[in-house]
Each structure stands twice: as C-alpha cells, then as structure tokens.
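One structure below.
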Amino acid sequence: MPIDFLEIDGKYLEGGGQILRNALSFSCILRRPVRIVNIRANRPNPGLSNQHLFGLNLLVQITDAQVNGNQMKSTQVEFNPGKIKHGKYFVNTQTAASISLVLQTALPVLAFAGGKSELELVGGTNVGMAPQVDFLTEVLRPNLEQLGVSFDFDLMTRGYYPRGGGRCKVYVPPVKCLKPINLTEFGQVQETVGWCFVAGRLPPNLADNMKSSAEKELATLKNIPPCQLEAYKESPEVARDNGSGVILKATTSSGCVIGSSTLGEKKVDAHELGSKAGLELAQLISQQVCVDQYVQDQLIIYMALAKGQSKILTTPLTNHTKTAIYVAEKMCGARFTEEKVNEHHVLLTCQGIGYTSQN
Ligand SMILES: Nc1ncnc2c1ncn2[C@@H]1O[C@H](COP(=O)(O)OP(=O)(O)OP(=O)(O)O)[C@@H](O)[C@H]1O
C-alpha cells in the first residue's frame with residue numbers, strides 16, 4: 001500500500017527550520033507520515049543543515065521511522081514514524097549547532113514516550129538565532145510546566161560558535177495528556193533576575209559592564225522589586241572558548257515568566273549587550289506582556305495538543321508563531337484565533353485537540 005504522506009510546505013511564511021521541527025514532532029506524536037517540501041526555502045542556505053539533520057535523525061532513532069531525504073542540504077524529507085520509544089539517546093552535532101533546537105524537536109515527542117527518557121546532547125549551548133540553554137531552563141521551562149511538560153537539565157560544558165562542544169543531559173518524564181495554559185493576567189512583578197557571563201579569554205569586567213547597563217534599563221521601571229543580576233566568568237572546565245551574553249527574566253504573581261537575552265559578538269560592546277537585554281525586558285514589563293515573543297512560537301505545538309482552550313496575552317504574533325500555527329492546524333486540526341487588543345497585545349486562543357499518549 002502506498003504511504004499517505006501529509007505534505008507540509010517548508011517555504012510557508014517564515015520558511016525556516018522550525019516548520020521542519022514542528023512537522024516532524026507532530027508526525028511522531030500523531031503517528032502521521034509527513035512529506036516536508038521546500039525545506040528552509042526562505043533562508044540563504046536552503047535545505048537541511050547540521051542542526052536540522054541531527055534533530056531529524058534523532059527522531060528516526062526514537063520512533064524507528066522510515067525516512068527519505070535525510071542528507072545535508074536536502075530540501076525534501078519523507079518521514080514515516082513508528083511507535084515512540086522512551087530510553088537513552090545521544091546526539092553529537094560535532095559543530096556549534098544549537099542543542100536547544102535539537103531539543104525543541106525531541107522534547108514534545110519524548111514527553112509522550114510513556115516512560116522516562118535521557119537525552120545527552122553535544123553542540124552549541126549559547127549560539128545565535130536560537131534559545132540559549134539558560135533561556136530554555138529559566139524562561140521556557142516554567143511556561144511549559146503550566147501545560148504539564150517539564151524536564152531536568154544537567155549542564156556539563158558550554159559550547160559557543162564556532163567550535164561548539166557544549167554538553168548537557170536532559171531528563172524527560174512522561175506525560176499522558178497536556179493541560180491548557182491560561183496566561184492573560186500580568187499581576188505584579190515578584191522578581192527580576194539575570195545572568196551576565198563571559199568565558200575563555202574575555203575579562204570579567206565585561207560581565208560587570210553588561211550587568212550595570214542592564215540594571216540601568218530595569219531601574220527605569222516603577223513599583224518593581226530591585227533586580228538581582230549576577231556577573232561572572234565561566235570556569236575553564238566549563239567553557240574552553242570565548243563567549244559572552246546576558247539572560248534576564250521576570251516572574252509575576254500570576255505565574256507569568258518572561259525573558260530576554262543577548263549574545264556577544266565581535267565588535268559588540270558589553271554595555272550594549274546589557275542595555276539591549278535590559279531594555280527588551282523593561283518594555284515587556286511596562287507593557288504587561290504575559291508571554292514574550294520567543295516563548296510565543298515555542299508554546300504553539302503544546303497548546304495545539306492540550307486538552308481544551310488555552311489563552312495567552314502576548315506581543316503581536318511573530319512570523320515564527322504564525323508559521324507554527326499553520327503547521328499545527330494542518331497536522332492536528334487544532335484551531336487558533338488571534339484578537340488584536342491594542343498595538344502591544346494580542347490575545348491568542350487555541351482549541352487544543354486533547355491528545356492522549358498511546359504509550
Ligand atoms: N533570542 C532568542 N531567545 C529565545 N529563543 C529564540 C531566540 N532567537 C531565536 N529563538 C527561537 O529559536 C527558534 C528559531 O527557529 P528558526 O526556524 O528561525 O531556526 P533555525 O532552525 O535555526 O532555522 P533557520 O536556520 O532556518 O533560521 C524559534 O523557536 C525562536 O523562537
């Protein structure tokens with residue numbers, strides 16, 4: 001019998017790697033064969049790159065999938081998953097490919113594996129255009145926990161661009177069915193915390209500069225407790241290469257956790273890194289946004305699978321989010337509606353399908 005592949009257009013709107021990751025995760029969970037065409041067609045280097053290929057091959061392993069097109073630069077993949085198997089998995093990307101993005105594709109799948117899983121990942125822990133692992137654990141995870149998904153995270157070493165080599169272990173407990181999320185009231189800010197780091201040959205005073213500039217931006221806010229930021233240098237055992245960055249988060253009385261982050265680059269001043277992250281978080285707080293623009297797209301797959309209606313008050317939807325909604329609606333029939341509240345806020349509602357783990 002020919003396999004009935006559902007076709008997903010990788011060129012849709014954002015046209016990046018996230019369409020592939022979300023489509024593959026849904027495919028494993030729903031056991032629905034997919035053909036993804038035009039992969040990363042809107043990127044200057046279309047097709048599968050390292051991170052996407054390692055993520056895909058990990059899902060092949062987790063589900064004993066039949067796959068075509070799992071080669072570097074491939075612009076089309078056919079993927080037919082088997083049953084999700086919990087267990088121990090190991091991925092070494094051998095580059096600075098983002099381990100957060102490899103986890104982005106594997107986490108929803110392992111959450112529905114019916115038993116505990118352990119995933120060891122080697123690659124980039126703090127790299128551009130992806131969540132830094134600290135954003136993942138400090139900001140994304142508490143949001144996911146509201147839906148019933150969580151994970152434990154052990155960081156052994158950090159990996160930066162271009163050498164990578166960061167290593168972590170992620171422990172994923174199983175969940176049967178996800179709860180809807182409701183984040184529409186901002187409440188009062190209870191704490192603002194953050195980390196300003198340097199590593200390798202970079203001097204510790206750069207981390208102090210990031211901290212003082214981030215603090216200056218956050219000090220413009222009225223009626224919030226003083227922020228608690230830490231400036232530090234990674235030990236050579238944890239980080240062998242040069243790297244720097246800032247991760248900030250605010251937690252509110254109603255359970256909102258929002259964040260911002262910046263990553264050091266050549267010729268970017270440390271003060272600028274701190275100010276940028278500080279200003280971004282200060283704006284989210286003063287506008288009382290319940291879900292930030294990066295958590296926004298990363299919640300879509302979970303909201304779609306949850307049982308019942310989810311509601312989040314968030315920033316205007318990003319192209320990443322609109323694209324994730326396209327994939328979710330096509331793959332599982334969840335329904336999203338977007339209501340513009342004002343120039344800073346959108347109320348996003350999702351009628352989730354109430355998927356229950358078959359394992
Ligand atoms: N600064 C950031 N903080 C948190 N999350 C981020 C940040 N930057 C990007 N992300 C997240 O990383 C993901 C990037 O998806 P995207 O499709 O652009 O990535 P990709 O696989 O690297 O693909 P491509 O190379 O095709 O852009 C999104 O989920 C986005 O929300």
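Both ligands and their constituent atoms are indexed starting at 1 by order of listing. A quick note: this is a predicted structure, and the numbers were derived from the prediction, not measured.
For H52, every heavy-atom contact with ligand 1 shorter than 4.0 Å involves the side chain, none the backbone. The side chain of S261, and not its backbone, has at least one atom closer than 4.0 Å to an atom of ligand 1 (non-hydrogen atoms only; side chain from C-beta on). Using a 4.0 Å cut-off between heavy atoms, A130 contacts ligand 1 through its backbone alone, with no side-chain atom that close. When heavy-atom distances to ligand 1 are checked against a 4.0 Å cut-off, Y294 comes that close through both its backbone and its side chain. Within the 4.0 Å heavy-atom criterion, the part of L101 lying near ligand 1 is the side chain and not the backbone. Residue-level proximity to ligand 1 for Q18 is carried by backbone and side chain together, each with a heavy atom below 4.0 angstrom.
Ligand 1 is never approached by Q296 to a heavy-atom distance shorter than 4.0 Å. Close to ligand 1: Q104, with a non-hydrogen atom less than 4.0 angstrom away.
Annotation: F5, atom CZ; neighbour count of heavy atoms from other residues, nucleotides and ligands within 6.0 Å is above 12. More than 12 heavy atoms of other residues, nucleotides or ligands lie within 6.0 Å of NZ in K330, so this atom counts as buried by the packing criterion. Surrounding NZ of K73 are at most 12 heavy atoms belonging to other residues, nucleotides or ligands under 6.0 Å away.
Listed by atom number, the atoms of ligand 1 under 4.0 Å from M129 heavy atoms are 8 (N), 9 (C), 12 (O), 14 (C). Atoms of ligand 1 found under 4.0 Å from any heavy atom of Q51 (numbered from 1 in listed order, with element): 20 (P), 21 (O), 22 (O). Heavy-atom contacts of H320 reach the following atoms of ligand 1: 14 (C), 15 (O), 16 (P), 17 (O), 18 (O) (cutoff under 4.0 Å). The Q298 neighbourhood of ligand 1 comprises atoms 5 (N), 11 (C), 29 (O), 31 (O), with distances under 4.0 Å to a heavy atom of that residue.
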List the steps, then state whether side chain to side chain contact (heavy atoms under 4.5 Å, CB included) holds for V91 with N57. CA-CA 9 Å; V91 176; N57 285 337; over 6 Å; no
Chi angles and distances behind the salt bridge (Lys or Arg N to Asp or Glu O under 4.0 Å) call for E14, K322: CA-CA 8 Å; E14 179 64 25; K322 291 179 185 167; over 6 Å; no
Evaluate the criterion side chain to side chain contact (heavy atoms under 4.5 Å, CB included) for residue pair Q296 and T315; output intermediate values, then yes/no. CA-CA 8 Å; Q296 187 190 84; T315 62; 3.2 Å; yes
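When only modelled atom types and interatomic distance are considered, E191 and Q228 share no side-chain donor-acceptor pair under 3.5 Å. For the residue pair Q190 and T251, no side-chain donor N or O sits within less than 3.5 Å of a side-chain acceptor on the partner. Checked by atom type, the side-chain pair Q132/R158 shows no donor-acceptor distance below 3.5 Å. Neither side chain, T323 nor H320, offers a donor N or O lying under 3.5 Å from an acceptor on the other.
The protein non-hydrogen atom at the shortest distance from atom 26 (O) of ligand 1 is R40 NE, 2.6 Å. Ranking protein heavy atoms by distance to atom 12 (O) of ligand 1, first place goes to P131 CD, 3.4 Å. With respect to atom 30 (C) of ligand 1, the closest heavy atom belonging to the protein is D297 OD2, 3.5 Å. Nearest non-hydrogen protein atom to atom 24 (P) of ligand 1 is R43 NE, 3.1 Å. For atom 15 (O) of ligand 1, the closest heavy atom belonging to the protein is R21 NH2, 3.0 Å.
For the pairing with T321, the side chain to side chain contact (heavy atoms under 4.5 Å, CB included) check across V295, D297, L13 returns one residue only, D297.
Between G17 and ligand 1, at least one N/O pair is under 3.5 Å apart.
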